[in-house]
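What follows is one structure encoded as structure tokens, with my remarks underneath.
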Amino acid sequence: MKRVTSMTVLTTAEGKRLSLTFSEIDENGNIVKENERVNKVVVNRNALACISELEEFAQDIVDGEK
């Protein structure tokens, strides 16, 4: 099985980029691979809407700390 261990959304010239790392774990719980990386430009409209909502949430947190 593969488990996402981190993810970041970046705004680039190409659009919103999702950068994530994951580990692969076998049926006995042994880590087969770790810190594998995947980068994708997000083109799915639903995913872009979720990213926008999360960015607004993050901005609200920052604005509330003033």
Side-chain angles (χ1 to χ4, degrees):
M1 98 178 98
K2 294 179 182 178
R3 293 283 179 146
V4 173
T5 56
S6 70
M7 63 182 173
T8 305
V9 175
L10 306 160
T11 302
T12 66
E14 298 82 16
K16 297 292 182 182
R17 180 172 31 166
L18 179 62
S19 176
L20 57 93
T21 57
F22 67 93
S23 293
E24 189 171 344
I25 305 162
D26 70 14
E27 61 278 352
N28 296 315
N30 298 312
I31 298 172
V32 178
K33 295 180 183 177
E34 61 184 325
N35 294 321
E36 295 291 310
R37 173 170 264 182
V38 175
N39 286 288
K40 296 280 185 181
V41 174
V42 180
V43 295
N44 179 284
R45 290 182 187 191
N46 291 333
L48 287 168
C50 290
I51 289 169
S52 178
E53 187 175 343
L54 189 56
E55 289 174 333
E56 288 176 21
F57 176 73
Q59 187 63 52
D60 288 345
I61 291 172
V62 172
D63 291 344
E65 292 182 353
K66 289 183 180 182

Sub-4.5 Å side-chain heavy-atom contact between Ile51 and Val42 =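 SC-SC contact between Ile51 and Val42 confirmed.
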
Determine whether [X] and [Y] fall in the same hydrophobic cluster, where Ile, Leu, Val, Met, Phe, Trp and Tyr are linked whenever their side-chain heavy atoms lie under 4.5 Å apart.
X     : Y     : answer
Met7  : Phe22 : yes
Met1  : Val32 : no
Leu48 : Leu20 : yes

key: Shortest non-hydrogen contact between Val41 and Glu14, atoms and distance   =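 The pair with the smallest heavy-atom distance is CG1-O, 3.9 Å.
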
inquiry  = Can you pull out every side chain to side chain donor-acceptor pair (under 3.5 Å) where at least one residue sits in residues 20-33? Sequence neighbours excluded, please.
reply    =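 Residue pairs with at least one partner in residues 20-33: Thr5-Thr21, Ser6-Thr21, Asp26-Asn30.
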
inquiry  = Test: salt bridge (charged side-chain N to carboxylate O under 4.0 Å, His left out). Region: residues 34-57. Which pairs qualify, not counting sequence neighbours?
reply    =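 Residue pairs passing salt bridge (charged side-chain N to carboxylate O under 4.0 Å, His left out), neighbours aside: Lys16-Glu55.
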
request  = First locate atom CG of Asn44, then atom CG of Leu18, and finally report the distance between them rounded to the nearest 0.5 Å.
outcome  =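 Separation between the atoms: 11.5 Å.
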
